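Everything on this sheet refers to the single structure shown next.
Side-chain atoms are counted along with the backbone in the values below, which use heavy atoms only and exclude waters and symmetry mates. Residue numbers start from 1 in every chain, and the chains themselves are labelled A, B, ... in the order their sequence lines are given, proteins ahead of strands. Since the structure is predicted, the reported quantities are computational estimates derived from the model, not experimental observations.
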Number of protein chains: 2
Amino acid sequence: MANYPHSGRILVAVDCIIFGFDGECLKLLLIKRNFEPELGKWSLMGGFLNEKEDLHAAAVRILFNLTGIHNPYLEQVHTFGQIDRDPVERTISVGYYSLISIHDQDPAALANHNASWIELSQKPSLIFDHDQMVEVALRQLRYKAAMFPIGFELLPNTFTLPQLQKLYEAIYNVSLDRRNFSRKILSTQILESTGEKDAASVTKKGTLYRLNADKYQDYLKGFNSFLPEFAELT
Amino acid sequence: MANYPHSGRILVAVDCIIFGFDGECLKLLLIKRNFEPELGKWSLMGGFLNEKEDLHAAAVRILFNLTGIHNPYLEQVHTFGQIDRDPVERTISVGYYSLISIHDQDPAALANHNASWIELSQKPSLIFDHDQMVEVALRQLRYKAAMFPIGFELLPNTFTLPQLQKLYEAIYNVSLDRRNFSRKILSTQILESTGEKDAASVTKKGTLYRLNADKYQDYLKGFNSFLPEFAELT
DNA sequence: CCTTAATTGTGTATATTTGACACATTAAAA
DNA sequence: TTTTAATGTGTCAAATATACACAATTAAGG
């Protein structure tokens, strides 16, 4: 193993792939750059890691600056390290994806950064390797959402089954059978009825549900038990 | 977004979590350090990213130096960026895990680096955050192996069904029903019989199989179609 | 040479889960 | 009050998973 290097520098950036859901479509929060380099083009929101800053903390900081959200759902996706990915200087970038409820952010902060919600299907080309980052993040979101009900991060606190179904349909770009979807979700017991009905609906008003935090924890533990001896390792 | 930083440096390292399989147990290739820092302690094999080097290429280089293997199965796991994870200097480390057939390496290269195969259940404590890296890599290996037959990377070119079953049992630390396992694996058609029998067996000699590369590709394509519109994004 | 022990190969019955679809209910608007 | 567009609940067949029985192969020991 080599000793610690004496010269040269490689910058470390963090870029955020921010997913939102408006009830119909999966959207991305993108910024139209009003700064160099690549002024005027679309990109993800990003920044450089500070010398005395945790990687995760940097992602939280960047997301907070853009949206005003303090406790985002945030997961590291992948680190992108091609030599010429940033033409200005050698930079590797750690991608984080976030799921946020689309009406939660601070609109002033968004405007400050020239940020907009763009439907995934309408996504413009992004600078550098940001298109690839979105691809990888979407793939990871899909894998993860297939196993864990993280999709709830994209919905308001209470929601109807049809709303939840539309979210899954948007994530996977498929159409699901309403009745089978309902049966499967309710069988997990992670939802509890609020007893109220969705006032916004124009026809029959659906039941509003919320996530039952305890049952949700049980559900996740059930998954861990598929990997029974993970603890034995430590 | 901030401008490119003018001062300070953050080093970028790559560490490799190398899994192997001896027919019974899942093993890790670890090195007993004969260099500073942390001389005499156990660690993963790692190194620093060079200024003009792809991230993935750095992982390949490090693995080649240790094992003499040219085309390893290698996947990025996660990037570890706690401030004090390396006490000498601020360093973030990109973890890659590798699956290699346990008899493929160059023994001289291993000896040079003071490296040994250690059963996962016997793993000593490692330096820095390397224990955590192993945890995360194992979790990722398990997720991935549940969906894709990457386990073959850990076996010789030809193998019997019982050997393959033992591999899965070692990865998940479970016991599986021999007959159901056999039926499930063979139904994928990704294995083809070599027509030969395992000479090493002491009782009934099992049929030797090899991976059918074409069928394996078809099988992977089938998975991609579960994410039907992924292409629409680009 | 014949039995025993250990392991591999193949089959089958049952339970569980999934997928496709029918029908009743609710609410607003015409 | 009829129509329209949703939501809520049920049923049946097909596919899949699970549990377990039994036959075949090989080496070793009497």
Write down the distance between [atom1] ([X]) and [atom2] ([N]), rounded to a whole number of angstrom.
| X | N | atom1 | atom2 | answer |
| --- | --- | --- | --- | --- |
| A/Asn180 | D/dA15 | CG | C1' | 14 Å |
| B/Phe181 | C/dT10 | CZ | P | 15 Å |
| A/Ile185 | D/dG8 | CD1 | P | 14 Å |
| B/Asp177 | C/dT14 | CG | C1' | 14 Å |
| B/Leu176 | C/dT7 | CG | P | 17 Å |
| B/Gln163 | C/dG9 | CD | P | 11 Å |
| A/Asp198 | C/dT26 | CG | C1' | 13 Å |
| A/Leu208 | D/dT7 | CG | C1' | 13 Å |

Checking contacts here: which listed nucleotide ([options]) is nearest the side-chain heavy atoms of [X]?
| X | options | result |
| --- | --- | --- |
| B/Arg178 | C/dT8, C/dA28, D/dT18 | C/dT8 |
| B/Pro162 | C/dT7, C/dA28, C/dT8 | C/dT8 |
| A/Lys184 | D/dA17, C/dT18, C/dA27 | C/dT18 |

| message | Would you say the ring centers of A/Phe128 and A/Phe80 fall short of 6.0 Å from each other? | response |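 Not close enough - the centres of the two rings lie 6.0 Å or further apart.
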
| request: Return yes if some donor-acceptor pair links the side-chain N/O of B/Arg210 with the main-chain N/O of B/Glu192 below 3.5 Å, else return no. | output: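 It does not hold such a pair.
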
For the base of [N], is there a side-chain donor-acceptor partner from [X] under 3.5 Å away?
| X | N | answer |
| --- | --- | --- |
| A/Arg183 | C/dG19 | yes |
| B/Lys204 | C/dT8 | yes |
| A/Arg179 | D/dT11 | no |

| request: Would you indicate what B/Thr207 reaches in the nucleic acid, counting non-hydrogen atoms under 4.0 angstrom: base, sugar-phosphate, or nothing? | output: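 Sugar-phosphate only.
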
| said: Once rounded to the nearest 0.5 Å, what's the spacing between atom CG of A/Leu99 and atom CG of A/Leu26? | reply: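 So the gap between those two atoms works out to 8.5 Å.
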
| In terms of ring plane angle, is the pair A/Phe19 and A/Tyr97 parallel, tilted or perpendicular, where the classes change at 30° and 60°? |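 Ring orientation of A/Phe19 relative to A/Tyr97: perpendicular.
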
| message | For B/Thr160 and A/Lys205, find the nucleotide of DNA chain C closest to each by heavy atoms; which residue's nucleotide sits nearer the 5' end? | response |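 Here B/Thr160 is the residue nearer the 5' end.
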
| request: Might you confirm whether atom CD of A/Gln82 has over 12 heavy atoms from other residues, nucleotides or ligands at distances under 6.0 Å? | output: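 No - once you tally the heavy atoms of other residues, nucleotides and ligands closer than 6.0 Å, there are 12 at most.
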
